[in-house]
Amino acid sequence: MSETFEQMWSSVAPVGRSGSSGGYFRQPFTSAERECHEWFVEQCTARGLTIERDGNGNTVGWWEPVVDRNLPRVLTGSHLDSVLDGGAYDGPLGIVSAFAAMDLLVERGFEPGRTIGIAAFAEEEGSRFSIACLGSRLAVGAVSPERAVALTDRDGVRLDDAMAAAGLEPQLGRSAWLDSVGCYLELHVEQGRDLVHREIPVGLASMIWPHGRYRFDFTGAANHAGATSMADRRDPMLTYAMTALAANKQARLVAGDAGRATFGRLEVSPNATNAVPDRVTGWLDARCESDEALVELVAAIEKQGRERAERDGTTLAVTAESVSPAVHFDLELSARLAHLGGTDRPAIATAAGHDAGVLATSGIPSAMLFVRNPTGVSHSPAEYADLADCLAGVEVLADALAELAR
Ligand code: GLV
Ligand code: MN
Ligand code: MN
């Protein structure tokens with residue numbers, strides 16, 4: 001007898017949770033995240049799923065009690081890593097719900113006509129190696145192994161070394177198992193309050209806003225904080241500060257509340273109270289409703305940063321680390337899921353990135369289900385979903401998998 005949704009949830013909930021904030025630190029290829037992956041493998045084993053691991057850190061469990069294993073497969077799943085001090089639901093909800101939905105199908109006596117897989121993608125948040133959805137991007141070939149192998153984390157550890165240290169055998173590059181996938185459906189906690197306003201527990205995604213991560217390197221000259229007159233400084237912190245304000249202003253200027261710009265990560269060298277810094281690196285996360293608007297927004301922020309650098313006697317170099325174009329989810333697939341169970345489900349645009357977006361961009365018809373989040377908060381310990389809504393999500397996911405794998 002498999003564990004219920006509640007039992008599964010309570011077995012993963014403590015993994016990587018901080019005692020002080022209640023937030024999660026499930027950094028890719030660290031012990032907490034790997035413990036989650038081991039839990040994932042145990043759940044697959046308990047259900048008799050065929051387990052497949054690729055060389056990118058992704059794991060899939062296949063349910064294949066089917067006559068014809070050559071038919072395109074139906075894939076669901078999500079990710080188990082978190083941002084630094086993240087919430088419990090972003091990622092794990094999709095995976096726990098997938099197992100629970102599979103159990104529901106078994107309970108209903110459903111006989112799938114196609115193999116159904118549950119995937120746990122690695123480094124979805126890009127919190128360790130800077131590229132969003134790194135596991136799925138490698139799997140579809142959207143990031144080359146040469147580029148990935150050169151990535152390092154904040155401590156200078158290379159991706160392949162981090163994987164090897166976690167007991168994996170890195171073999172970066174396209175994952176053959178994706179060739180058998182005919183469609184992907186990811187369930188996710190909503191990162192906003194659209195469903196709260198509509199008073200609906202489960203919705204569909206219509207699109208993902210284009211978004212990107214850009215490293216802004218500001219360089220000046222280190223000097224004594226007391227002995228250097230204000231007129232003689234080349235202080236990159238000032239250039240950064242003005243650029244952060246410009247980013248906020250430029251994003252607000254995008255019509256229709258359709259722009260976002262955030263500097264959420266900073267490194268300062270030498271990072272001393274009594275020294276003017278010589279270098280400040282800030283990471284800009286920018287998102288817009290259209291690809292053109294995103295290009296314009298980042299260009300406007302960079303322009304203002306450069307103008308300020310000239311005044312400060314500093315320099316600015318901008319590097320795009322990971323850019324994801326707009327994703328419009330598969331209309332035919334979404335239409336099949338919009339009225340399942342006799343309920344009309346709204347399709348919501350989201351400004352959050354997902355592996356489903358990467359798979360969709362690679363040509364795999366994809367769709368997403370969102371489960372209501374009363375706080376609307378995400379990437380924070382305040383992220384939440386009621387148990388009743390989670391169970392409603394499981395029902396819809398089971399109906400959807402049944403529809404797709406008939
Ligand atoms: C991931 O959740 C992102 O939107 O960055
Ligand atoms: Mn997520
Ligand atoms: Mn996330």
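The structure presented is a predicted model; accordingly, all values stated were derived computationally and were not measured. The first residue of the sequence shown is numbered 1, and numbering continues consecutively from there. The basis for the numbers below is simple: all heavy atoms, side chains too, and nothing from hydrogens, waters or symmetry mates. Indexing begins at 1, ligand by ligand and atom by atom, following the structure's order.
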_Tell me whether the rings of F5 and W9 are parallel (<30°), tilted (30 to 60°) or perpendicular (>60°)._
parallel
_Is the contact between H379 and ligand 1 made by the side chain, the backbone, both, or neither, using heavy atoms and a 4.0 Å cut-off?_
side chain
*Quick check: does G353 get an N/O under 3.5 Å from an N/O on ligand 1?*
yes
_With the threshold set at under 4.0 angstrom, would you say H188 reaches ligand 1 through any of its heavy atoms?_
no
*Taking only heavy atoms of A352 into account, list the atoms of ligand 1 that are under 4.0 Å away from them.*
4 (O)
*Could you tell me how the ring of F129 sits relative to the ring of F29: parallel (under 30°), tilted (30 to 60°) or perpendicular (over 60°)?*
tilted
*Nearest 0.5 Å please: distance from the CZ atom of R53 over to the CG atom of N58.*
11.5 Å
*To which of Q191, R287, H211 does the heavy atom nearest atom 3 (C) of ligand 1 belong?*
R287
*Derivation and outcome, salt bridge (Lys or Arg N to Asp or Glu O under 4.0 Å), residues R26 and D90*: CA-CA 11 Å; R26 290 171 177 161; D90 179 354; over 6 Å; no
_Before moving on, can you tell me the angle at the Mn ion (ligand 3) between the NE2 atom of H379 and the OE2 atom of E125, to the nearest 10 degrees?_
110°
*Between Y89 and Y384, what is the ring plane arrangement, given parallel below 30°, perpendicular above 60°, and tilted in between?*
perpendicular
*asked:* With respect to the Mn ion (ligand 2), please indicate if H354 possesses an N, O or S atom at a distance under 2.8 Å.
replied: no
*When you look for heavy atoms under 4.0 Å from ligand 1, do you find them on the side chain of R213, its backbone, both, or neither?*
side chain
*Please determine if R174 and D54 form a salt bridge, counting it only when a charged side-chain N lies under 4.0 Å from a carboxylate O.*
no
_Pair R279, T281: side-chain N/O donor-acceptor within cut-off below 3.5 Å_ = yes
*Return the name of the atom in H79, of element N, O or S, nearest to the Mn ion (ligand 2).*
NE2
*Please work out the angle at the Mn ion (ligand 2) defined by atom NE2 of H188 on one side and atom OD1 of D90 on the other, rounded to 10°.*
80°
*Any idea how H354 and F370 line up, ring-wise: parallel (<30°), tilted (30 to 60°), or perpendicular (>60°)?*
tilted
*Would you say E125 and ligand 1 have an N/O pair spaced under 3.5 Å apart?*
yes
